[in-house]
Amino acid sequence: MASGSGLKMERIREAFQRALTGALPPGADLTLERPKSVELGDLAYPCFRAAKAAGKNPAQLAQDLAASLKVEGAELLAAGPYLNLRLTAETRSRLLVGSLLSDRPFGAGPASGRRVIVEYSSPNIAKLFTIGHLRSTMIGHGMVQVHRFLGDEVIRLNHLGDWGTQFGTLLAAYKLWAEAGNADLTKDFDWADDAPEKRRSPLFRLFQLYVRFHAEEEKDPALRDDARGWFRKLETGDAEARRLWSWFREISLAEFKRLYDRLGVGFDTFEEGEAFYEDRMADTIQALEAAGLLIEGDKGARIVDLEDVGIKTPCMVVKADGGSVYATRDLATGVYRRDHYKYDKCVYVIGGEQILHMQQVFAVLKKLDPAWFTDGKLVHTPFGLIKLPEGKMSTRKGNVIFLEDVLDEARERVLAVIEEKNPELKDKADVAEALGMGAVVFFNAINDRTKAITFEWDRVVALDGDTGPYVQYAHARIMSVLRKAGGTWAAQATPGAFDGRQGPVVPYAAAELPVDLAGLEAPEAQALLFELAGLPSAYRMAQEQLQATPIARQLLAVARAFSGFYTNCPILKDETSPADRDARLALCVATARALRQGLFLMGIQAPDEM
RNA sequence: GCACCCAUAGCUCAGCUGGAUAGAGCAUCAGGCUUCGAACCUGAGGGUCGGGAGUUCGAAUCUCUCUGGGUGCACCA
């Protein structure tokens, strides 16, 4: 008997395409689609184009092809203008369960030899993480995981906002309101509202200084000069400014790392933020100068004109006073990464409000070195803002929603549900954390990243419907069945030791495929297999679209299909024969593995009980 | 004013890059737990795909235009 792992959907697909090649004129488009449901089949060939080329009716062509072609292990059916390939239930079961029970990760790609940089998260020093930062952080994390899973080498960079004029603001504010009575930022300020216990950190107090400065600056514009003066001191290497800067950076980074740990997100380095490029900008400016790209702008600034590439706003590289700007650092960053990493693709996960800026930077780099910065090498992955029902969030104004508050609230709500539904559960706190995180992270991924999101508590931390916890619930139910089944069943769906920061693969040992899979003939079981079969293309789509959305949606489809299977196909009940029981348990193992792996790529855990 | 993004069921959104009868969740209504976990499942109602024109065998998808929203537009990042 063929062991399942020898049977692959890829082979079937190739055989189908080979058969089509023989029957159609050379050069015909052989793109195959996924039918809408398993009743139609497993692979679909739309006949429209080929029919047109042959001067035939598409439905007629589909019928002709169905009658003349043959593919081993499958039947070919004409369904209107489509030629569908449908596997037998036996073949479909063997193929998918077999793949998922092997020790090779289902849907993963072979090493591509490509090196991809993903720049994401990139928070500004001295600001607290808001719900807005979750977008860049988790979109980036998902991209890292998916690219790795599909075989790319990935370098994870955090372009920390640890330089720039906002440090003038911080330094000035610190000197004005902190140095005298609260130099080490260990005490609450007497001028500020009492902070909740959990926020009484030095970083939070820095944030309070920042907010106060911008409030007072409205009333007293002279403060602005004070801030500029401090930034100049920092740039010219003033010892005190440097010392404070370095300290601010340190306390910020400590908080950031704590949150990244909570999110399960990691980076290859934190040392290549904006400050890292401070002394590398001169070379880049020099190079632009040498290339003859820098011209003098209206008020004396040095700019690169981009009119010829369709960008009407020129890119300012050097301010009239000789200072650098954001673009200067980004250009130096681009040049450094070219020389240092020799990558194939660099993905910038940065908000949509910076589209123009990114276009400018990419355009200038392209002018500087057209041979290296080819099309597609630099990719901006913009995403929509998270807004509040009452409008835009603003760190300066202090009307923000902190990420930790969202995660905490989600955890509390989950805990309340656990107390109600499963009060005996052990490790309640850990499970609540995993589910709360699942709700928030999944919500962030479920919708197209380019669209703006209005933050509403009840939607972000929702626990039923199209949510992370729905997928996690399906997984927990499976594990519960597997535990009750005894033997090695639960172990088969339990991964070996792994660490999310090391790689994208959830490691499972090879398990034995039952000989008799007749227990999977029910339509609900076949529908579940069909959705499992959709996962590999969801992974590829996620890589192409640079977002985890397709994965989230396919996981929902799998979880939903599992619920249908679970309610209609008894597994451990007396009415089920031993052979059917084993087949269904094997499908449970396969599904649990698929769900856990998919969630893991998104940065979400799958508890065994909830 | 100019540029980019968005508009699909009462609400929030999918719709695999031009293809099969436009699908999910929430909400509403009607059902389903002495039986593997009801954080679940089954069913119902609900649509001029913002308006208009065009491209072709075929458009929610591509082009143009109008309307309504969002985001930007050189000395902040």
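In this text, all values refer to a predicted model and were calculated from it rather than measured experimentally.
- In the interface, the side chain of Asp298(A) is paired with the base of A74(B) through a donor and an acceptor atom under 3.5 Å apart.
- Atom name C1', nucleotides A27(B) and G10(B): the rounded distance is 8 Å, in whole Å.
- Summarising the base pairing, A44(B) is matched to U28(B) through a Watson-Crick or G-U wobble pair whose two defining distances lie under 3.5 Å.
- Not counting sequence neighbours, the partners of Lys573(A) by the side-chain contact (heavy atoms from CB on, under 4.5 Å) test are Pro570(A), Glu575(A).
- For Val325(A), the side-chain atoms get nearest to A77(B) when compared with the rest of G37(B), C73(B), A77(B).
- Distance, Met316(A) CE to G72(B) P: 17 Å, rounded to whole Å.
- Centroid-to-centroid, the aromatic rings of His159(A) and Tyr277(A) come within less than 6.0 Å.
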Kindly determine whether His214(A) and Glu217(A) satisfy side-chain hydrogen bond (donor to acceptor under 3.5 Å, both in side chains), including the steps that lead there.
CA-CA 5 Å; His214(A) 282 290; Glu217(A) 177 192 59; 3.2 Å; yes
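- Computed from coordinates, the Glu524(A) CD to C41(B) P distance equals 13 Å when rounded to whole Å.
- Near RNA chain B, meaning a heavy atom under 4.0 Å away, the residues from residues 561-575 of chain A are Ser563(A), Tyr566(A), Thr567(A), Cys569(A), Pro570(A), Ile571(A), Leu572(A), Lys573(A).
- Taking the centre of each ring, His357(A) and Tyr326(A) come in below the 6.0 Å mark.
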Could you pull out the protein-nucleic contacts involving nucleotides 57-62 of chain B (nitrogen or oxygen on both sides, under 3.5 Å)?
unit_1, atom_1, unit_2, atom_2, d
C57(B), OP1, Lys52(A), NZ, 3.2

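- Among C75(B), G70(B), G37(B), the nucleotide with an atom closest to any side-chain atom of Lys299(A) is C75(B).
- Relative to the six-membered ring of Tyr566(A), Arg477(A) meets both conditions, a distance below 6.0 Å and an angle of at most 45° to the axis.
- Here Leu356(A) lies in heavy-atom contact (under 4.0 Å) with sugar-phosphate atoms only.
- Look at the C1' atom in both A30(B) and G46(B): the space between them is 15 Å, to the nearest Å.
- For the segment residues 425-451 of chain A, residues with any heavy atom less than 4.0 angstrom from an atom of RNA chain B are, sorted by number, Leu435(A), Asn447(A), Asp448(A), Lys451(A).
- Between the CD1 atom of Ile303(A) and the P atom of C73(B) there is a distance of 16 Å, rounded to whole Å.
- Here the shortest heavy-atom pairing between Pro550(A) and Gln545(A) reads CG-OE1, 3.6 Å.
- Taking atom CD1 of Ile355(A) as the reference point, atom P of G70(B) lies 16 Å away to the nearest angstrom.
- Mapping Pro314(A) and Tyr326(A) onto RNA chain B via the closest heavy atom, the residue that lands nearer the 5' end is Pro314(A).
- Across all strands, Glu274(A) comes closer than 4.0 Å only to sugar-phosphate atoms, never to a base (heavy-atom distances).
- Within residues 459-466 of chain A, the residues approached by RNA chain B to less than 4.0 Å at the level of any non-hydrogen atom are Arg459(A), Asp464(A), Gly465(A), Asp466(A), in residue-number order.
- Look at Arg483(A) and you won't find any side-chain N or O under 4.0 angstrom from OP1 or OP2 of C36(B).
- Under the Watson-Crick or G-U wobble criterion, with both distances below 3.5 Å, C36(B) is left unpaired in every strand shown.
- Using atom P as the reference point in both U35(B) and C29(B), the two lie 27 Å apart (nearest Å).
- A donor-acceptor pair is defined here as one N or O able to donate and one able to accept, closer than 3.5 Å; no such pair exists between the side chain of Glu353(A) and the backbone of Gly384(A).
- When all heavy atoms of Glu609(A) and Lys426(A) are compared, the closest pair comes out as OE2-NZ, 3.1 Å.
- Each of Tyr470(A) and Glu609(A) was matched to the nucleotide of RNA chain B holding its nearest heavy atom; the match closer to the 5' end belongs to Glu609(A).
- Using C1' as the reference atom, G23(B) and G15(B) are 7 Å apart when rounded to the nearest Å.
- For Ser480(A), the listed nucleotide lying nearest its side chain is G37(B); candidates were A77(B), G37(B), G72(B).
- Put simply, CD on Glu307(A) is 15 Å from P on C2(B), counting in whole angstrom units.
- For A60(B), there is no paired base (Watson-Crick or G-U wobble, both distances below 3.5 Å).
- Annotation: C4(B) and G51(B) have their P atoms spaced 23 Å apart (nearest Å).
- Rounded to the nearest Å, the gap between the C1' atom of G43(B) and that of C64(B) is 45 Å.
- Comparing A77(B), A38(B), A39(B) against the side chain of Val417(A) picks out A39(B) as the nearest.
- Of all the heavy atoms in Leu150(A) and Tyr539(A), the pair that sits closest is CD1-O, 3.6 Å.
- With hydrogens and angles disregarded, no donor-acceptor distance shorter than 3.5 Å links the side chain of Glu524(A) to the backbone of Cys569(A).
- Remark: the Trp457(A) side chain and the Glu409(A) side chain contain no N/O donor-acceptor pair separated by less than 3.5 Å.
- Remark: Met541(A), Arg553(A) in residues 537-558 of chain A come within less than 4.0 Å of RNA chain B through at least one heavy atom.
- Across every strand in view, C73(B) sits in a pair with G1(B) that passes the Watson-Crick or G-U test at under 3.5 angstrom.
- A ring-centre distance under 6.0 Å is not found for Phe248(A) and Phe167(A).
- Across all strands, Ile418(A) comes closer than 4.0 Å to base atoms (heavy-atom distances).
- Atom P of nucleotide C36(B) and atom CG of Asp580(A) are separated by 19 Å, given to the nearest angstrom.
- Nucleotides G72(B) and A20(B) place their C1' atoms 41 Å apart, quoted to the nearest Å.
- Nucleotide G18(B) forms a pair with no other nucleotide shown, judged by Watson-Crick or G-U wobble geometry with both contacts under 3.5 Å.
- Aromatic ring centres of Tyr473(A) and Phe562(A): separated by at least 6.0 Å.
- Closest heavy-atom contact between Ala592(A) and Met479(A): CB-SD, 4.2 Å.
- Residue contacts for Ala44(A): at a heavy-atom cut-off of 4.0 Å it reaches a base atom on one of the strands shown.
- In this structure, A7(B) and U67(B) make a Watson-Crick or G-U wobble pair, each of the two defining distances being under 3.5 angstrom.
- The same atom, P, is picked in A59(B) and in A22(B); the two are 13 Å apart, to the nearest Å.
- To the nearest angstrom, P of G72(B) lies 18 Å from CD1 of Ile311(A).
- In the set A38(B), G70(B), C73(B), C73(B) carries the atom at the smallest distance from any side-chain atom of Thr313(A).
- Annotated as anti: U61(B), whose glycosidic dihedral deviates from 0 by more than 90°.
- Looking at Asn84(A), its side chain comes within 3.5 Å of the base of A20(B) through a donor and an acceptor atom.
- Rounded to whole Å, the distance from CG on Asp458(A) to C1' on A39(B) is 16 Å.
- Judged purely by atom type and a 3.5 angstrom limit, Arg280(A) uses its side chain to pair as donor or acceptor with the backbone of Phe276(A).
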